[in-house]
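The structure appears below as structure tokens.
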Amino acid sequence: MTLELLSDHLVFRFPEIHEDAVLRVTFHRTLRVPDDGHTHWLPPGLGAFPLRDVTTFGDRLPDAWRARGGVVLPMWQGEACWLSFDSPTGYPMAVKVAAGKINALTGKPWTEALDHEEQDFLEAPEQPWIDGFCVTKGTVRQFVAMPLGKGYTAEEQITGAAEFGGVQLLVRPLRGEVWEARKQAEIHELSDVTFDLMCSSLSSMETMGLAPGGSIRQEIAEASERPRDWAPMASRERCFVHLVNSTQWQKIAGSPPPTKAPTAAEYTRASLPWFDWYSDKGAIEGSTVLDKLQTVLDLGMANGEKPLDENESFTPPTPVVLKKNPLVSAGEINAW
């Protein structure tokens, strides 16, 4: 397996499995939906987060970051993100997603084996993106960046520790012979590819993790591939994605971070679109563990804090329904 950083995208290639086994992973800036008791439509992409190789920063990063390698990604406190998975050939991949080593689909601790009974992974590209923690069938709680050590992240709520932070992804490709047989039979399915992505803890930098935010309508599709058709994980490559507070980005990168996103209410008042993704596949039930987590807003109110700078509700518009490749259909909103 090889890993490249191309124009703020992580590109994973598995030439030892098949020449088609390639996956592009993108971290998208987006609106943070209100945590107001309503379940919201899918928010838009507002451009990709910048990703930088740790080797480009010299001694401006803590020794622990440089020792582990990987990339650095800036996020404002309370900022939301979503992840997309795109393959040029549609090669099927099983993708495990975790935050602070807590599985984003089950709420269980990180493991490398695929759990086919509880389904602790998603199949890309049938599932082309993920916006948050899967709490119930058809609903996720948005990924929201918060500093480690203050009790907000999913990791801290479940384990009681602020040890890892960040995002972990592990992707396994379909067996090459299975894919080749499909090609020969002219059975082509849109799919994505593979990787394992982690965020480490830091010494002097403010380490960020992901906490549950407002609710979004999003189904995590049931797996359709046979368990025996996934390639064995003979080798693995990790990319540490260090989440740093945007207030520190200027100091270490020498360039300003992305501007803060508009509020969901401001965006809606500008008559810009929200989205709904149509799929005729069944969806997993969600996690009772994750469903019991407190949101950033709930914890802040309980602690007498105000961790979010806004939480304004709005009247939801009729969404744009996406029926094909959502990464092509939705695009990126550049008005901001």
Side-chain angles (χ1 to χ4, degrees), residues 1-29 45-58 60-61 64-75 81-99 112 121-125 127-130 143 166-176 179-180 190-200 208 230-244 249 252-255 257-258 325-328 331-332:
M1 173 183 164
T2 63
L3 174 62
E4 302 172 81
L5 179 57
L6 300 175
S7 301
D8 296 325
H9 307 286
L10 292 171
V11 181
F12 300 83
R13 304 180 189 275
F14 290 80
E16 73 279 11
I17 300 297
H18 197 284
E19 62 180 5
D20 291 346
V22 180
L23 176 71
R24 184 178 72 167
V25 180
T26 307
F27 289 77
H28 297 264
R29 301 177 62 229
L46 300 177
F49 280 101
L51 297 174
R52 299 291 182 270
D53 193 310
V54 296
T55 61
T56 65
F57 295 109
R60 286 168 287 172
L61 295 179
W65 287 39
R66 289 183 285 146
R68 302 188 77 172
V71 297
V72 181
L73 182 157
M75 293 185 73
C81 73
W82 56 275
L83 286 69
S84 69
F85 314 103
D86 180 35
S87 170
T89 62
Y91 201 101
M93 295 285 168
V95 183
K96 299 187 74 168
V97 181
E112 295 181 1
F121 62 94
L122 56 86
E123 288 184 353
Q127 188 70 42
W129 50 27
I130 185 168
F143 291 137
V167 179
Q168 297 79 44
L169 301 175
L170 177 67
V171 184
R172 289 178 60 182
L174 202 70
R175 291 179 181 272
W179 174 248
E180 190 62 30
L190 177 66
S191 300
D192 295 292
V193 186
T194 126
F195 71 120
D196 174 14
L197 170 157
M198 289 190 64
C199 174
S200 64
M208 306 281 281
W230 296 113
M233 188 57 71
S235 63
R236 203 161 37 94
E237 177 142 359
R238 290 189 177 220
C239 174
F240 288 80
V241 178
H242 308 279
L243 302 184
V244 63
W249 183 253
I252 67 170
S255 60
N325 185 347
L327 301 179
V328 175
E332 298 287 356

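These values consider heavy atoms only, across backbone and side chains, with no hydrogens, waters or symmetry-generated copies.
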I'd like to check [X] versus [Y] (side-chain heavy atoms, cut-off strictly below 4.5 Å). Are they in contact?
{"X": "Thr26", "Y": "Arg24", "result": "yes"}
{"X": "Val95", "Y": "Ile130", "result": "no"}
{"X": "Val241", "Y": "Val167", "result": "no"}
{"X": "Val11", "Y": "Leu23", "result": "no"}
{"X": "Trp179", "Y": "Thr89", "result": "yes"}
{"X": "Cys81", "Y": "Met75", "result": "yes"}

Checklist entry - Residues two or more places apart in sequence or in another chain: which of them pass side chain to side chain contact (heavy atoms under 4.5 Å, CB included) with Ser7? => result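 Ser7 satisfies side chain to side chain contact (heavy atoms under 4.5 Å, CB included) with His9 once adjacent residues are dropped.
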
Checklist entry - Considering residues at least two apart in sequence or located in another chain, which fulfil the side chain to side chain contact (heavy atoms under 4.5 Å, CB included) criterion with Glu180? => result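 By the side chain to side chain contact (heavy atoms under 4.5 Å, CB included) rule, Glu180 matches His18, Lys183, Gln184.
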
Which residues satisfy the side-chain hydrogen bond (donor to acceptor under 3.5 Å, both in side chains) test with [X], sequence neighbours excluded?
{"X": "Thr55", "result": "Asp53"}
{"X": "Arg52", "result": "Asp8"}
{"X": "Glu4", "result": "Arg13"}

Next on the checklist: Quick check for you: to the nearest 0.5 Å, what is the distance between Phe49 atom CZ and Arg29 atom CZ?
Outcome noted: 6.5 Å

Next on the checklist: Please report the interatomic distance CZ(Arg175) to CH2(Trp230), rounded to the nearest 0.5 Å.
Outcome noted: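 CH2 of Trp230 is found 11.5 Å from CZ of Arg175.
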
Check [X] against [Y] and note the closest heavy-atom contact, atom names and distance.
{"X": "Phe85", "Y": "Ala124", "answer": "CB-CB, 4.1 Å"}
{"X": "Pro173", "Y": "Met93", "answer": "CA-SD, 3.0 Å"}
{"X": "Glu123", "Y": "Phe121", "answer": "CG-CE1, 4.1 Å"}
{"X": "Pro74", "Y": "Pro50", "answer": "CD-O, 3.4 Å"}

Is a donor on one side and an acceptor on the other found under 3.5 Å between the side chain of [X] and the backbone of [Y]?
{"X": "Ser84", "Y": "Trp129", "result": "no"}
{"X": "Arg172", "Y": "Ala94", "result": "no"}
{"X": "Tyr91", "Y": "Leu174", "result": "yes"}

Checklist entry - Under the side chain to side chain contact (heavy atoms under 4.5 Å, CB included) criterion, do Val72 and Leu51 qualify, and how do the steps go? => result CA-CA 6 Å; Val72 181; Leu51 297 174; over 6 Å; no

Checklist entry - Hey, mind stepping through Leu169 and Phe12 against side chain to side chain contact (heavy atoms under 4.5 Å, CB included) and telling me if it holds? => result CA-CA 12 Å; Leu169 301 175; Phe12 300 83; over 6 Å; no

Checklist entry - Phe27 pairs by side-chain contact (heavy atoms from CB on, under 4.5 Å) with which of Leu243, Val71, Leu83? => result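 Exactly one candidate clears the test, Leu83.
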
